[in-house]
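To start, the structure itself, in structure tokens.
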Amino acid sequence: MASSRAEGSRKSKAGDPVANRQKQLEAFTQGPENLLTTSQGVVVPDNHNSLKAGPRGPGLLQDFILREKLAHFAHERIPERVIHARGAAAHGYFELTRPLVEYTRADFLQEVGGRTPVFVRFSNFIGGQGSADTVRDVRGFSVKFYTREGNYDLVGSSMPVFFVQDAMKLPDLVHAMKPEPHHGMPQASSAHDTFWDFISLMPESSHMLMWLMSDRALPRSLRMMEAFGVHTFRLVNARGASHFVKFHWRPKLGRHPLAWDEAQKIAGRDPDFHRRDLWEAIERGDFPEWELGLQIVDEDRAAKLGVDLLDATKLLPEEIVPILTVGRLVLNRNPDNFFAETEQVAFHPGNVVPGIDFSDDPLLHGRLAAYTDAQLARLGGPNHAELPINRGVCPVHNFQRDGRHRTGISRGRVAYEPNTLGNGSEFRVDGGEQGFRSVEAELESPRVRRRSPSFDDHFSQATLFWNSQSTWEKEHITAAFQYELSRVETPAIRQRVVDNLAHVDAKLARKVAEPLGIAPPDPKAAAGQAGFREPQGKSPIESAPSLSMEAAANGIQTRRVAVLMASGVELGAYKVIQQALQDAGAVTRVVAAHLGVVASSSGQQVPVDHTLLTMPSLMFDAVLVPGGAACAEALLKDGEAMHFVFEALKHCKPLCLIGESGEILRRAGVPEDAPVPAGVIIGTNEPTARLQMAQDFIAAIARHRHWGRAMVEQVPA
Ligand code: HEM
């Protein structure tokens, strides 16, 4: 039998697990050296000239140094992930804040304060590796917990539901959404015919479509993005008792979106916007943080919730089952090498540890098969668990042998179980209490290839989501549908989508249809289509405020504030506001027409961080324009500077315009007698007003965006 001594040593508590994991990785890390060698370790004396027959050629085949170098170069690429190809990642730790002994035996969920090293990869679902970060998409949020009982992967997503209910439909979904196969366009976008053709024939995707068309698909930052385990899993305690569980990651900085126009422009100006933001925050020491929340459901109660927990197109509103906060996730170290870590990391929903198990969700079961195949193909063989980033922190013992890129050296003559030749006594693994045991259950059901009738409710939660949105969120969803469908060339597809939408909300469908040049929506037409099945379900609640992003204001930590300046700037008010912003955790950057310094009205030299050309206001959360007659005059004459402020105004960002710079508002088309637009602070250089102005500006930034701002359509940007 496997000895309990061996099990005990796996759970050794020696040292700090997070530091130990880092040490483990360091054993594989190479730094720069002042010496160049071949892969065999032979010192290379000349890295500029190949071996030739005479200085003017021809090259010699015996040049093993050149051949090795070129051969390695030619093999540098591995296949990108079929989906979630574009990603960024970071190291960190998970800390338990509430013990879960009554629900699970998972070792890392027992002891409050216990820290487990993690590696987290964020990804875009549909775009290829070189696509832009800020496209409209669902994002992946994969967490690998290196626990003492083995690696546990929570391979989640920025939306709590998925497009399809059964794994059988996943390849069709992806083929429809990826660039169209004849011409390979468009990249990283759902706004094209094949996606909407497929999706309009799949009413089960209605709920996910609402999320995808909402601002959830446009996160301001990966650090300000909520994430979910999507499927229902199980927690299993030491007595074998099991509860259903749904996982939630809630960002400490709140959940905030970009504006659609802004997201598209950022995709051009800085396609790496999200990964840069993550990297820079960690480098600055602003470590991103999330709370782990659980919805735990008694299995006996599950049938009475009015929500089928096995259907991945449904969420469990926290208004029905509240979320229990149990821990926090902190990302505090950037990877050393993108390929070795971010690219080679292999997440798998089937990587679970004792105490965590699967529900019978058919989509999840498909995933359990899919990731193994994907990683065999992508990472070139069955030994990818030995790659440093995928290695567990506990010992691995098994009789799996050989295969490509095997790095472990297994000692001894025994590669089978049971045996007596390994350690001199019988070794047999055929039961016992240790390790992972699947939840036992009676399975007496006919073999069928069909879905549960409870999966037939395709619209009730799409309607619930719609009903739960604020006015601006509804406007953004409507505009997103209009945008996507305006790019669909086939009128019949546009028509099918709005006919389906009428089952979500008649007004939404009518509004979406208005600019599309098609007939008004007809829900009866949709009901006749394939895939549309009765009976219609009903959500147990009408609206769930937790689904809206119209939330209480957060702090302004890590928000980027641009300070737009030109020569002659008055620094009095600026200095007070700048200090207040910095004290509140914001990051301020001076932007001007040129690099170097800007001379203030009193002759001081202010260092410039960025020029208008390289750093548009798209890259900031708020804009401050200090006063000074000469400064304002210069800015008002500079088209780039005006565009900078206009765009910020259009994207509903907080603005603080001091003294003469208030004139910029007039240029933006806001009449003198009109009310000041929401989130815009018009200040003076009056010393007594400075502190209040700083506080007002901070309060405006904390609201993130002022989506209800009037007149944004008129702003020329
Ligand atoms: C049957 C449905 C699904 C199938 C067949 C499937 C398949 C795959 C495959 C083949 C990969 C690439 C894996 C690799 O090469 O390492 C992948 C990645 C991923 N999938 Fe799924 N997937 C499905 C549904 C989902 C759902 C519902 C979610 C969200 C909970 C999800 C989240 C992810 C994430 C986050 C990644 C990227 C992992 C990483 O960062 O490396 N998938 N999926």
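What you see below is based on every heavy atom in this structure, not just the backbone, and it leaves out hydrogens, waters and symmetry mates. When a ligand or atom number is given, it counts from 1 through the structure's own listing order.
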- Message: Could you tell me if K144 sits above the aromatic ring of F347, with its cationic atom closer than 6.0 Å to the ring centre and no more than 45 degrees from the axis?
- Response: yes

- Query: ligand 1 and S157, any nitrogen or oxygen pair closer than 3.5 angstrom?
  - Reply: no

- Query: Quick one: nearest non-hydrogen protein atom to atom 19 (C) of ligand 1, plus distance?
  - Reply: H84 CD2, 3.1 Å

- Does CZ in R284 sit with more than 12 non-hydrogen atoms of other residues, nucleotides or ligands closer than 6.0 Å? yes

- Message: Using a 4.0 Å cut-off to any heavy atom of L363, which atoms of ligand 1 qualify?
- Response: 1 (C), 2 (C), 27 (C)

- Query: Should you measure from each heavy atom of A167, which atoms of ligand 1 turn up under 4.0 Å away?
  - Reply: 1 (C)

- Report yes if the distance between the aromatic ring centroids of W290 and F122 is under 6.0 Å, otherwise no. yes

- Quick one: which ligand 1 atoms are inside 4.0 Å of a heavy atom on G140? 35 (C)

- closest protein heavy atom to atom 7 (C) of ligand 1 is Y371 CE1, 3.6 Å

- Any non-hydrogen atom of K169 lying under 4.0 Å from ligand 1? no

- Show the numbers, then the answer: is there a side-chain contact (heavy atoms from CB on, under 4.5 Å) between D357 and S438? CA-CA 7 Å; D357 206 343; S438 294; 4.0 Å; yes

- Task: Return the residue, atom name and 0.1 Å-rounded distance of the protein heavy atom closest to atom 10 (C) of ligand 1.
- Result: A374 CB, 3.5 Å

- Message: Test of understanding: given a 4.0 Å heavy-atom threshold, classify the contact between V230 and ligand 1 as side chain, backbone, both, or neither.
- Response: side chain

- Lys/Arg-Asp/Glu bridge criterion (N-O < 4.0 Å) met for R86, D272: yes

- Option set E80, R139, R121, criterion heavy-atom distance to atom 39 (C) of ligand 1, minimum: R121

- Task: Check whether any heavy atom of G156 sits under 4.0 Å from an atom of ligand 1.
- Result: yes

